[in-house]
Chemist: 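Handing you a structure now.
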Amino acid sequence: MDLRPGADSCYKCTSCDTSCPVAEVDDSFPGPKFQGPEQWRLKRKEDTEIDDSIMGCSNCMRCDGACPSDVPLSQMHNSARGEYVDNQMDKLSREYIRNRILANYGTLARLGSKVPRLTNAVMGNSLVQKVNEKVLGITAERDFPEFADETFRSWWKKRGGPKVQSEEKRIAYFHGDYANYNTVEVAKALVRVYEEFGYEILVPDQRCSGTPMFANGMLDDARRSAKVNVENLGDAIENGYDIVASCTSCSMALRQEYPEQFDLDGTETVAANTYDALEYLLINENVIDPIRAVDGDELDLPDFAYHAPCHSRNQGLDRQAVELFRHLDGVGVEDVGDSCSGISGTYGWKEEKYDYSMAIGEEMFEHMEHAEGETGMTECPTCSMQMEHGTGYEINHPLEVLEKALVETDVEV
């Protein structure tokens, strides 16, 4: 992979470094400029290894948006991280084993979700959490996310699949692991909202988007997941479906990271036909007029403190929820600013990164607490964890708010 053109475009303005939330709180982290173009130049020399500080990058990808020269910083970081893990990391080390487990959350989730109540009881036990921290380096400060009693895919199968048939309106839903095993209500909300707008929904076989694998340098694992996803989503596209994801990190992986990292046939087609769930509705449907018609006084909806995930900002989607829901009469939606939440997927689950994660999120916590609303809203499941962890607020997904406003009322869409 020739990253030289990108590296040569860097003129060391340090915009990426000043936008990096990790560099702001961790003095030992040299920043994205060093991790990207500078390390690439050093690596061109013989006998120069990847600097181990590459594992301190949280993969928030804010540096991509900050760079005025379009240097492919996150692509460089992913490539360097993968090379470091493959060639320099001890495969028997606690860090490698811990990172492999976190990166492949879906594997454990498949097992844990078979007996959700037992798994929740075991993983929620404080003694187990302390053992996990001592043995694996997974922080005991966080509550393990609970599994739903029934996975989304089980619910979908029991339901009999789609309730709407359409030749013109078709979406294939990429739910990802977390909405399948944990936040099943978000996935159900997507189904109900899209069917309200007349869409036929396909739920193709799929694997994790690969975001946690990219973040931990497990590129072989990410490639295997990408191969399955690109093949199955590509088939759906050929049959007239657009791809819709309810998690902005998932849509980011399908849109940007797959084409950047892998030469699989079909990645460009999948990238060009993938959308965030709210984005797709706003492009193709009149959502604002039905929202305006909702009588907010009759809804049991609170005011919201909204956080735009970093991977939503990278896709230019950071204002869409606020701009839509400001039309919802009687319900306040306040953007709590552009800071990173700090958890960045698996980053904030690592014992040695936990304090940095909370320090990064501090600005967001303070803005939430000063906002009128005491319920949070965001599209990212791990940002949701961090918002709840840092403030104690209940967090909603925009799709859940749309469901309450448009599906559970008499408003016609």
Chemist: Indicate yes or no: at least one non-hydrogen side-chain atom of M213 is less than 4.5 angstrom from one of D220.
Modeler: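 When only atoms from C-beta onward are counted, D220 and M213 do not touch, as no gap falls below 4.5 Å.
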Chemist: Counting only pairs under 3.5 Å, give me each side-chain donor-acceptor contact of residues 266-275, with atom names and distances, residues two or more places apart or in other chains.
Modeler:
| from | atom 1 | to | atom 2 | distance (Å) |
| --- | --- | --- | --- | --- |
| T267 | OG1 | L264 | O | 3.3 |
| N273 | ND2 | T269 | O | 2.7 |
| T274 | OG1 | V270 | O | 2.6 |

Chemist: Between K404 and E408, is there a salt bridge with N-O shorter than 4.0 Å?
Modeler: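 No, this pair does not count.
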Chemist: Under a 4.5 Å cut-off applied to non-hydrogen side-chain atoms, are V71 and W40 in contact?
Modeler: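 Sidechains of W40 and V71: no contact.
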Chemist: May I have the list of side-chain donor-acceptor pairs in residues 229-238 shorter than 3.5 Å, sequence neighbours left out?
Modeler:
| from | atom 1 | to | atom 2 | distance (Å) |
| --- | --- | --- | --- | --- |
| N229 | OD1 | R207 | N | 2.8 |
| N229 | ND2 | R207 | O | 3.2 |
| N229 | ND2 | C208 | O | 3.2 |
| N229 | ND2 | S225 | O | 3.2 |
| N229 | ND2 | Y258 | OH | 3.0 |
| E231 | OE2 | K227 | NZ | 2.9 |
| N232 | ND2 | D205 | O | 2.9 |

Chemist: The test is ring pair (Phe, Tyr, Trp, His ring centres under 6.0 Å); show your working for F214 and F262 and say whether it passes.
Modeler: CA-CA 12 Å; F214 289 118; F262 305 129; 5.7 Å; yes
Chemist: Flag the pair E379 / Y306 as yes when at least one side-chain heavy-atom distance between them is below 4.5 Å, and no otherwise.
Modeler: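 They are in contact (side-chain heavy atoms under 4.5 Å apart), so the answer is yes.
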Chemist: Without hydrogens or angle criteria, can the side chains of H307 and T378 be said to hold a donor-acceptor pair below 3.5 Å?
Modeler: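 No, no side-chain donor-acceptor pair sits under 3.5 Å.
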Chemist: Can a cation-pi geometry be assigned to K169 and Y199, taking NZ or CZ under 6.0 Å from the six-membered ring centre and within 45° of the ring axis?
Modeler: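 Satisfied, under 6.0 Å and within 45°.
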Chemist: Would you mind reporting whether F144 and N132 have side-chain heavy atoms less than 4.5 Å apart?
Modeler: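 The answer is no; the side chains never approach within 4.5 Å.
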Chemist: Parallel, tilted or perpendicular: which one describes the rings of F147 and Y105, with boundaries at 30° and 60°?
Modeler: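 The rings of F147 and Y105 lie parallel, inter-plane angle below 30°.
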Chemist: Measuring only between side-chain heavy atoms, which start at C-beta, is F29 closer than 4.5 Å to C57?
Modeler: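 A side-chain contact exists here, since the closest heavy-atom pair is under 4.5 Å.
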Chemist: With a 3.5 Å cut-off and no angle check, do the side chains of T248 and Q315 form a donor-acceptor pair?
Modeler: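 No - no donor-acceptor pair under 3.5 Å links their side chains.
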Chemist: Side chain to side chain contact (heavy atoms under 4.5 Å, CB included), that's the test. Do Y194 and E285 meet it? Break it down for me.
Modeler: CA-CA 10 Å; Y194 268 78; E285 301 296 332; over 6 Å; no
Chemist: Quick one about R142 and S357 (side-chain donor to acceptor, distance below 3.5 Å, no hydrogens or angles considered), yes or no?
Modeler: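 Yes - a donor-acceptor pair under 3.5 Å links their side chains.
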Chemist: Dump the intermediate steps for side chain to side chain contact (heavy atoms under 4.5 Å, CB included) on D303 and V333, then the final yes or no.
Modeler: CA-CA 6 Å; D303 292 336; V333 182; over 6 Å; no
Chemist: How far apart are the C-alpha atoms of S58 and S344, what are their side-chain angles, what is the distance that settles it, and do they pass the side chain to side chain donor-acceptor pair (under 3.5 Å) test?
Modeler: CA-CA 6 Å; S58 70; S344 289; 3.3 Å; yes
Chemist: Strictly by modelled atom types, are D276 and Q320 linked by a side-chain donor-acceptor pair under 3.5 Å?
Modeler: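 Judged by distance alone, the side chains do pair up.
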Chemist: Should the pair E403-K188 be classified as a salt bridge under the 4.0 Å nitrogen-to-oxygen rule?
Modeler: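 K188 and E403: not salt-bridged.
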Chemist: Applying ring pair (Phe, Tyr, Trp, His ring centres under 6.0 Å), run through Y173 and F152 and close with a yes or a no.
Modeler: CA-CA 11 Å; Y173 177 32; F152 168 69; 5.6 Å; yes
Chemist: Quick one: do D177 and R110 make a salt bridge, cutoff under 4.0 Å?
Modeler: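 Result for this pair is no, no salt bridge flagged.
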Chemist: Between N216 and T346, is any side-chain donor less than 3.5 angstrom from a side-chain acceptor?
Modeler: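 Yes.
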Chemist: Look at E351 together with R94 and state whether they make a salt bridge at an N to O cut-off of under 4.0 Å.
Modeler: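 Looking at R94 together with E351, the answer is yes, because their closest N to O distance falls below 4.0 Å.
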Chemist: Is it true that D318 and S312 share a donor-acceptor pair across their side chains at a distance under 3.5 Å?
Modeler: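 Checked: S312/D318 side chains show no N/O donor-acceptor pair below 3.5 Å.
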Chemist: Report the C-alpha separation of M218 and R100 in whole Å, then their side-chain angles, then the decisive distance to 0.1 Å, and conclude whether the side chain to side chain contact (heavy atoms under 4.5 Å, CB included) test is met.
Modeler: CA-CA 7 Å; M218 308 293 173; R100 192 85 191 269; 3.6 Å; yes
Chemist: So, are R255 and E279 salt-bridged, with charged N and O less than 4.0 Å apart?
Modeler: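 Yes, this pair counts.
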Chemist: Evaluate the criterion side chain to side chain donor-acceptor pair (under 3.5 Å) for residue pair E133 and Y354; output intermediate values, then yes/no.
Modeler: CA-CA 11 Å; E133 180 171 288; Y354 173 77; over 6 Å; no
Chemist: Shortest non-hydrogen contact from D329 to V294?
Modeler: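 The answer is CB-O, 4.0 Å.
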Chemist: Are E24 and R62 within salt-bridge range, i.e. N to O under 4.0 Å?
Modeler: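 So E24 does not pair with R62 through a salt bridge.
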Chemist: Could you pull out all residues at least two apart from E363 that satisfy salt bridge (Lys or Arg N to Asp or Glu O under 4.0 Å)?
Modeler: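 None.
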Chemist: Would you mind checking if R223 and D263 are paired as a salt bridge, meaning a charged N to carboxylate O distance below 4.0 Å?
Modeler: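 A salt bridge links D263 with R223.
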Chemist: Going by side-chain contact (heavy atoms from CB on, under 4.5 Å), K33 matches just one of C20, C13, S15, C16. Which one?
Modeler: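 Testing each of C20, C13, S15, C16 against K33, the sole residue satisfying side-chain contact (heavy atoms from CB on, under 4.5 Å) is C16.
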Chemist: Test side chain to side chain donor-acceptor pair (under 3.5 Å) on N120 and R117 and set out the steps.
Modeler: CA-CA 5 Å; N120 292 338; R117 293 181 183 177; over 6 Å; no
Chemist: Does the side chain of D51 come under 3.5 Å of the side chain of Q35 through a donor N or O and an acceptor N or O?
Modeler: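 Judged by distance alone, the side chains do not pair up.
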